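To start, the structure itself, in structure tokens.
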Amino acid sequence: MAGLDSSTPHPVSLTLRQASRVLDIAFDNGESFSLPCEYLRVFSPSAEIRGHGGGPHLTIGGKIDVNIVAIEPVGHYAVRLQFDDGHNSGIYSWSELRELGINQSANWQDYLSRLEHAKLRRTA
């Protein structure tokens, strides 16, 4: 596993619950998170959402009903999530997924504030 930081927690399970639109992830350090598909979509690490310099997230609305339709492994360090709205360019590293889990509440509040400021809605 060259290139992997051995101190970074790695997932021991990744379960998509399509009916409730949630991705459950458990790490080998005991942490576990339930990440809604909408949250993962609007915080995609793709250049489409973050820009090519990893800058601030583009604020997008209308993703409340988005779901994941496929999960593709990317080496031993990440997954590519395919969403039913066609978005599939985000590669979610294990550290990215963990950070999204740890910071879910603060990230979500920031997203809701940005939506309001942009006069966007979560629904289409």
Side-chain angles (χ1 to χ4, degrees):
M1 288 200 215
L4 286 179
D5 179 353
S6 61
S7 67
T8 301
H10 292 83
V12 292
S13 72
L14 192 66
T15 305
L16 176 60
R17 293 185 287 135
Q18 279 191 312
S20 56
R21 294 188 293 273
V22 171
L23 182 68
D24 292 323
I25 185 165
F27 290 91
D28 57 7
N29 67 351
E31 294 174 315
S32 63
F33 307 100
S34 293
L35 305 174
C37 295
E38 177 188 14
Y39 174 65
L40 291 166
R41 175 62 177 88
V42 301
F43 281 93
S44 171
S46 70
E48 174 191 337
I49 302 301
R50 290 208 181 154
H52 290 280
H57 286 87
L58 176 67
T59 302
I60 57 172
K63 300 301 177 186
I64 195 168
D65 292 325
V66 75
N67 210 338
I68 295 169
V69 295
I71 300 172
E72 173 188 338
V74 177
H76 293 287
Y77 69 94
V79 289
R80 179 186 319 270
L81 301 179
Q82 166 112 20
F83 294 89
D84 62 5
D85 67 353
H87 181 71
N88 67 355
S89 59
I91 296 175
Y92 296 76
S93 69
W94 305 143
S95 60
E96 177 80 25
L97 286 168
R98 183 171 175 260
E99 288 298 316
L100 285 169
I102 290 169
N103 298 309
Q104 184 175 2
S105 180
N107 286 346
W108 191 248
Q109 288 308 309
D110 177 63
Y111 171 69
L112 294 177
S113 294
R114 288 187 287 123
L115 269 183
E116 185 177 343
H117 184 261
K119 299 194 182 337
L120 295 172
R121 299 179 324 185
R122 292 175 57 209
T123 56

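Note that the structure is a prediction, hence the values are computed from the model and not measured.
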Got a sec, which residues hit salt bridge (charged side-chain N to carboxylate O under 4.0 Å, His left out) with [X], two or more places apart in sequence or on another chain?
X    : value
R121 : none
E31  : R98
E99  : none

Side-chain donor/acceptor of [X] to backbone N/O of [Y], under 3.5 Å:
X    : Y   : value
D28  : H10 : yes
Y92  : L40 : yes
Q104 : L35 : no
N67  : Q18 : yes

Under the side-chain hydrogen bond (donor to acceptor under 3.5 Å, both in side chains) rule, collect the residues that match up with T59, sequence neighbours excluded.
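Once residues adjacent in sequence are excluded, the partners of T59 under the side-chain hydrogen bond (donor to acceptor under 3.5 Å, both in side chains) criterion are R114.
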
State, with a plain yes or no, whether a side-chain heavy atom of I60 is found less than 4.5 Å away from one of L120.
no

Find out whether E72 and V79 are in side-chain contact, i.e. whether some heavy atom of one side chain is under 4.5 Å from a heavy atom of the other.
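Side-chain contact under 4.5 Å: no.
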
Shortest non-hydrogen contact between Y111 and V42, atoms and distance
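Distance-wise, the nearest heavy atoms are OH-CG1, 3.5 Å.
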
Between L115 and G61, which heavy-atom pair has the shortest distance, and what is it?
CD2-CA, 3.9 Å

Side chains of S93 and S95: donor-acceptor distance under 3.5 Å anywhere?
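Side-chain D/A pair, S93 to S95: present.
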
Which residues satisfy the ring-ring contact (aromatic ring centres under 6.0 Å, His included) test with F27, sequence neighbours excluded?
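If we apply the ring-ring contact (aromatic ring centres under 6.0 Å, His included) test to F27, skipping adjacent residues, there are no hits.
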
Stepwise side chain to side chain contact (heavy atoms under 4.5 Å, CB included) test for L23 and T15:
CA-CA 6 Å; L23 182 68; T15 305; over 6 Å; no

Keeping to residues at least two apart or across chains, list the salt bridge (Lys or Arg N to Asp or Glu O under 4.0 Å) pairs with something in residues 11-22.
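Salt bridge (Lys or Arg N to Asp or Glu O under 4.0 Å) check on residues 11-22 returns R17-D24, R21-D65.
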
Walk me through whether W108 and E38 qualify under side chain to side chain contact (heavy atoms under 4.5 Å, CB included).
CA-CA 10 Å; W108 191 248; E38 177 188 14; 3.5 Å; yes

